[in-house]
Amino acid sequence: MAHTSDGRGRPAGGGRTGGGKRTPAGKRPHTKQRDGRKRPLTERRMVSARRRLRSEVPGTVAVLAGAEDFAAMQGYASFTFDDHATYMRQMEGLLREFAARGTHTSVALFDPAGYEEFCSESHLDPDTPASRTRYTAEVAAAGTKVTYEGQPLARLLPRLVAEAEQQATWEHASALLTRGDCDACGEDIGRAAFARATALLRRIIEAAGPGTHHLVCSVPAEGPAPLVAVLHTESRDDGLLHLGEAAALLFCTVLAAGIATDRPGGVVLRSTLPGRRDTVRGWSLKGGGRLHPLTEAEVFSAYCTDARTGEPVPPEPGVDYRAGLPLDD
């Protein structure tokens, strides 16, 4: 499921030479020598030129990352792979081949459900390689991608899946913020909620003090899994703060979605300082856009429960569970 093009809908390296002019029948194209005289292009040189052009055409490969996605595609007769392991080995070999040619290649996710919907809307037969190629070019390539740099798929795919999940979380949370204006005050609900979330994040970091901090915000969603955002920060004694802007934006967007929709979310903070045991604290999101500190028992329960599945998680050794710090308004 790979796609390459020259950006104009034509195969790379095909058809025309000499700035768009067709080569007259019976004549060979020429190149200029250093003395300005022309010399004919041999067939070998023409093939070599096309290969050089091909290395400059980027491509996207869409991968069935999970066994369930692979099984869904096995219902199509034109999809001839028998097992996921063999498919992954062949896909990795294809990527290495592209890299050996010097081709810039991105890896995206192939979503069978999205593919079926795409074929239905585009009136395409889903049981053809051409339809899979078109989906890769028009849908998968437009979504989350990771550049292939020779790394094993076993290392690349977890990163790709994580980035795709973050993108989906951001889109869902952002949609929840488009709620219009407040009937009572006329203020934009989403904008006010985001401003409130940004202020709360700043207060949490200030209250946590120096150290390396790992924050998780969880807000219930319509589906079986909640919206979850993770943020790593480092606060130094000199007051400098280091954090990822994209992760901070996602964190505030998810928290703002909970505030705007008045959903009972929460925030958990794990802090690390050299020579000390890790400390975990937590807050619950309640009405009015306020984060209320949890008790030690509530923090233990929240941290030792999987946010996505609700299943209990064993407590970690060397970790202290403490009540949430007050966040002054």
- Going hydrophobic residue to hydrophobic residue with side-chain gaps under 4.5 angstrom, can you get from Val107 over to Leu94?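 Yes, Val107 and Leu94 fall within the same hydrophobic cluster.
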Under 3.5 Å: donor-acceptor pair, side chain of [X], backbone of [Y]:
X      : Y      : value
Ser120 : Glu116 : no
Trp283 : Pro326 : no
His214 : Thr272 : no
Arg203 : Leu327 : no
Asp69  : Leu64  : no

- Item | Full working for side chain to side chain donor-acceptor pair (under 3.5 Å) between Thr103 and Arg101 | CA-CA 5 Å; Thr103 303; Arg101 295 178 182 174; 5.5 Å; no
- Item | Donor on one side chain, acceptor on other, Thr86 and Arg89, under 3.5 Å | yes
- Query: Got a sec, which pairs hit side chain to side chain donor-acceptor pair (under 3.5 Å) with one end in residues 147-162, sequence neighbours left out?
  - Reply: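 Counting only pairs at least two positions apart or across chains, the side chain to side chain donor-acceptor pair (under 3.5 Å) contacts touching residues 147-162 are Arg159-Glu163.
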- Task: Step by step, work out the side chain to side chain donor-acceptor pair (under 3.5 Å) result for Arg132 and Ser78.
- Result: CA-CA 10 Å; Arg132 292 193 289 273; Ser78 62; 3.0 Å; yes
- Message: When you compare the side chain of Tyr115 with that of Val139, does any pair of heavy atoms fall below 4.5 Å?
- Response: no
- Task: Flag yes if more than 12 heavy atoms outside Glu171 fall under 6.0 Å of its CD atom; otherwise flag no.
- Result: yes
